[in-house]
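Have a look at the structure below, then the notes.
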Amino acid sequence: MKLREWQAEFQNLVLGPAVSQDQPPEDIPNHLDFIQQDAIRSQRLEIYQNAYQQRLSEALRSNFTCVHELLGDEEFYQAAKKLILYFPPQTASIRWYGAHFPDYLKNHEPYKSCPAIAELAQFEWAMRHAIDAKDAERITVEQLEKVLPEQWANLCFKLHPSVTILSLKWNAVQVWQALDSGLPPPQPMEAPAAWLIYRKQNLMNAWQSAEPLEIQALEFITTGNSFGDLCAYLLDQYKDSQQAITQAAVWLKTWTEQGLLLKSDSLQEGG
Amino acid sequence: MKTKALSGFGLGLRPEHYLDFLREPQRVDWLEILTDNYLVPGGKPIYYLDRIREQYPMVMHGVAMNIGSSDPLDLEYIHEVKALADRVQPLLVSDHLCWTGVKGARMHDLLPLPYTEEAIIHVADRIQNIQDILQRRLVIENVSTYLQAATPMQEWEFVTAIVEQADCELLLDVNNIYVSARNSNFDPRTYIDTIPMHRVRQIHLAGHSDYMDHCIDTHDQPVCDDVWELYRYTIERAGDIPTMIERDDNIPPLNELISELDIARNISSQALLLHSNNLGDRCYEAS
Ligand SMILES: [Fe+2]
């Protein structure tokens with residue numbers, strides 16, 4: 001048998017129906033000609049089958065500790081098993097395994113009927129992302145203070161790569177906070193809010209809720225629109241130009257202090 | 001940044017011990033990083049990696065090159081490893097003599113190869129391609145196996161043929177030899193006696209789980225007596241080889257691992273006396 005064919009068959013056995021040592025040995029075909037006979041052969045195949053399931057479940061468990069905590073061992077491993085079947089790993093590094101877990105929980109029963117679970121998973125994946133997202137130089141309040149009046153209108157910004165903006169309908173973050181501190185979680189309930197999850201300058205993760213308009217403004221100014229554009233955008237909301245400019249300036253300072261914004265090309269050094 | 005030849009006794013770097021290594025100097029000569037844990041864009045892992053690298057020589061150890069697969073080489077992955085190696089400047093770069101998936105699947109497990117001529121040619125050729133990209137010799141590690149295809153070849157003959165043909169180097173995992181020997185019924189000493197020791201750059205020691213009629217390579221407990229004895233046997237025959245302990249699960253405080261490393265230091269220095277005697281005998285016989 002050619003190597004390619006042998007490997008494909010071996011992989012099929014590992015991904016195929018679970019074997020057990022109680023199974024009649026003739027049920028485990030030996031077309032791959034293993035030296036291990038009968039019951040030993042199924043015992044060994046079971047080791048590879050378990051290793052595959054366990055390594056992936058373990059990766060999920062470490063990325064979604066609070067979902068695991070909420071569902072409990074048994075239910076979590078059932079969910080993991082199904083995810084592995086629906087979304088087998090596709091990346092060389094196991095670090096990224098779990099990207100589909102929030103979606104899976106959102107769309108499949110029994111998790112679907114409690115949407116807070118999928119939202120909790122979404123939050124944990126955003127936290128996981130914040131830990132090792134790309135580093136990038138953030139803009140500082142000192143740099144903003146040096147901006148000349150005529151430069152302000154054209155200032156542009158980008159979001160720090162660690163930032164995730166989540167719009168959640170449920171109290172998933174409160175559930176997460178309780179579980180993360182070892183407390184019993186609150187009952188799932190509707191509590192619509194927008195959340196910012198990001199890595200601070202000191203490498204610690206941060207999360208906070210924000211008003212919908214603030215989130216809209218943040219998304220607006222970090223997608224190619226200038227500070228001047230933002231003021232015009234807010235004018236539509238406030239109908240008062242001074243109030244719009246003041247609000248834009250306050251938010252810009254807050255976002256800068258939080259480390260959400262990157263230095264833009266339009267902001268010249270010492271300008 | 002320290003860069004000298006690899007020597008002495010090392011440990012696998014684990015996030016649980018980051019702060020121990022930064023707080024004060026530890027009795028560890030070098031550290032092995034898990035390549036795949038640092039193929040991330042940035043943040044905490046990279047920050048600690050850079051800081052600890054300033055203090056310790058490092059080697060890189062990966063799990064996902066899929067060296068033995070009949071799928072095309074994942075060139076993007078190998079270039080990522082190269083980029084990390086450019087950053088870390090490791091004393092060596094290793095991965096496993098196995099395959100981790102075929103037809104695009106990523107099994108995230110170290111799967112066994114059939115010991116055939118076809119596999120030798122295929123794998124040796126891929127190792128050469130990888131070495132061309134990395135611009136350095138690749139170090140390949142023997143894996144623990146649970147199933148073995150019946151072929152006229154033994155694992156040690158297969159390993160020897162590949163490293164000779166690919167002109168690469170070896171990371172000898174003494175625990176994996178022991179586990180495979182138990183699972184496939186061979187004498188692990190024959191393995192040690194046969195492989196080309198001059199190509200061995202590094203030794204791994206680890207714990208496994210013993211189920212009497214088979215063993216599983218779990219890396220979650222201390223090295224067992226049988227593996228220590230096999231390590232002694234290896235050093236008596238091969239001489240001084242940089243050695244480390246791998247612990248991937250159930251990770252104890254750093255000082256416990258350093259104490260376990262002291263056992264390796266002791267066994268190695270005792271075995272080296274015998275090794276020099278062996279050499280002496282041979283010189284005497286030759287004269
Ligand atoms: Fe190893």
Side-chain angles (χ1 to χ4, degrees), chain A residues 1-15 28 30 32-37 39-56 58-59 84 88-97 128-136 161-162 199 202-205, chain B residues 35-48 62-66 68-71 74 76-78 80-81 99-114 116 118-119 121-123 144-151 183-185 211 213-218 249:
Chain A
M1 194 184 282
K2 285 282 189 198
L3 178 65
R4 184 156 185 79
E5 204 186 327
W6 191 90
Q7 289 181 328
E9 286 295 319
F10 190 101
Q11 189 169 288
N12 284 343
L13 284 176
V14 178
L15 295 175
I28 320 292
N30 196 17
L32 296 187
D33 204 14
F34 295 122
I35 61 170
Q36 286 83 4
Q37 292 302 306
I40 305 220
R41 193 166 64 243
S42 48
Q43 170 204 66
R44 302 302 174 77
L45 180 56
E46 197 184 0
I47 294 174
Y48 284 108
Q49 290 185 335
N50 288 342
Y52 175 69
Q53 294 286 338
Q54 276 171 12
R55 194 160 289 121
L56 295 176
E58 195 45 46
I84 294 166
Q90 285 175 323
T91 55
S93 168
I94 201 166
R95 151 73 183 89
W96 314 106
Y97 192 64
R128 186 68 191 80
H129 166 77
I131 292 172
D132 60 13
K134 202 169 160 39
D135 296 297
S162 71
R199 180 172 78 234
N202 67 3
L203 300 179
M204 302 298 282
N205 277 2
Chain B
T35 304
D36 303 85
N37 289 2
Y38 301 93
L39 297 180
V40 295
K44 254 186 186 173
I46 301 296
Y47 171 83
Y48 283 109
V63 292
M65 270 187 192
N66 205 0
S69 174
S70 47
D71 272 4
D74 184 345
E76 196 185 321
Y77 176 81
I78 296 162
E80 281 178 35
V81 174
W99 56 290
T100 57
V102 73
K103 298 188 166 181
R106 312 282 188 163
M107 302 293 286
H108 296 295
D109 194 12
L110 310 173
L111 303 173
L113 283 160
T116 62
E118 186 201 0
I121 294 167
H122 176 71
V123 174
S144 288
T145 55
Y146 308 98
L147 281 169
Q148 184 188 334
T151 69
N183 291 341
S184 291
N185 294 317
Y211 298 94
D213 61 346
H214 68 283
C215 294
I216 302 185
D217 177 33
T218 42
D249 218 337

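Reminder, nothing fancy here: chain letters follow the sequence lines and each chain counts from 1. Note that the coordinates shown come from a computational prediction; the quantities given were computed from them, not determined experimentally.
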By a 4.5 Å heavy-atom criterion (distance strictly below it), what part of [X] contacts chain A: side chain, backbone, both, or neither?
| X | answer |
| --- | --- |
| B:Thr151 | neither |
| B:Asp109 | both |
| B:Ile216 | side chain |
| B:Pro45 | side chain |
| B:Asn185 | neither |
| B:Asn37 | neither |
| B:Glu118 | side chain |
| B:Ser184 | both |

Does B:Pro112 reach the side chain of A:Phe10, with side-chain heavy atoms less than 4.5 Å apart?
->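 Yes, side chains in contact.
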Find out whether A:Arg4 and B:Asp71 are in side-chain contact, i.e. whether some heavy atom of one side chain is under 4.5 Å from a heavy atom of the other.
->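 They are in contact (side-chain heavy atoms under 4.5 Å apart), so the answer is yes.
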From [atom1] ([X]) to [atom2] ([Y]), nearest 0.5 Å:
| X | Y | atom1 | atom2 | answer |
| --- | --- | --- | --- | --- |
| A:Lys2 | B:His122 | NZ | NE2 | 11.5 Å |
| B:Thr116 | A:Met1 | OG1 | CE | 12.0 Å |
| A:Gln7 | B:Lys103 | CD | NZ | 10.5 Å |

Donor-acceptor pair, side chain of A:Asp132 and main chain of B:Gly42, under 3.5 angstrom |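 Absent.
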Between the main-chain N or O of B:Gln148 and the side-chain N or O of A:Gln36, is there a donor-acceptor pair closer than 3.5 Å?
->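 Indeed, once roles are kept as given, a pair shorter than 3.5 Å links the two residues.
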Using ring-ring contact (aromatic ring centres under 6.0 Å, His included) as the criterion, list what pairs up with B:Tyr38, not counting sequence neighbours.
->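 Per chain and number, B:Tyr38 pairs via ring-ring contact (aromatic ring centres under 6.0 Å, His included) with no residue.
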Residue part contacting chain B, namely of A:Pro89, when any heavy atom lies under 4.5 Å |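 Contact with chain B: backbone and side chain both.
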Side chain / backbone / both / neither for A:Gln11 at chain B, heavy atoms under 4.5 Å =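 Both parts, backbone and side chain.
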Selection from B:Gly62, B:Gly104, B:Ser69 maximising heavy-atom pairs under 4.5 Å formed with chain A =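 The option with the most such pairs is B:Ser69.
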All side-chain hydrogen bond (donor to acceptor under 3.5 Å, both in side chains) counterparts of A:Glu9, not counting sequence neighbours =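 Partners of A:Glu9 under the side-chain hydrogen bond (donor to acceptor under 3.5 Å, both in side chains) test: A:His31.
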After noting the C-alpha distance and the side-chain angles of B:Asp249 and A:Glu58, does the key distance pass the side chain to side chain contact (heavy atoms under 4.5 Å, CB included) rule?
-> CA-CA 11 Å; B:Asp249 218 337; A:Glu58 195 45 46; 5.8 Å; no
Step by step, would you call A:Leu15 with B:Met107 a side chain to side chain contact (heavy atoms under 4.5 Å, CB included)?
-> CA-CA 9 Å; A:Leu15 295 175; B:Met107 302 293 286; 3.6 Å; yes
Could you please spell out the steps behind the side chain to side chain contact (heavy atoms under 4.5 Å, CB included) verdict for B:Asp36 and A:Arg95?
-> CA-CA 8 Å; B:Asp36 303 85; A:Arg95 151 73 183 89; over 6 Å; no
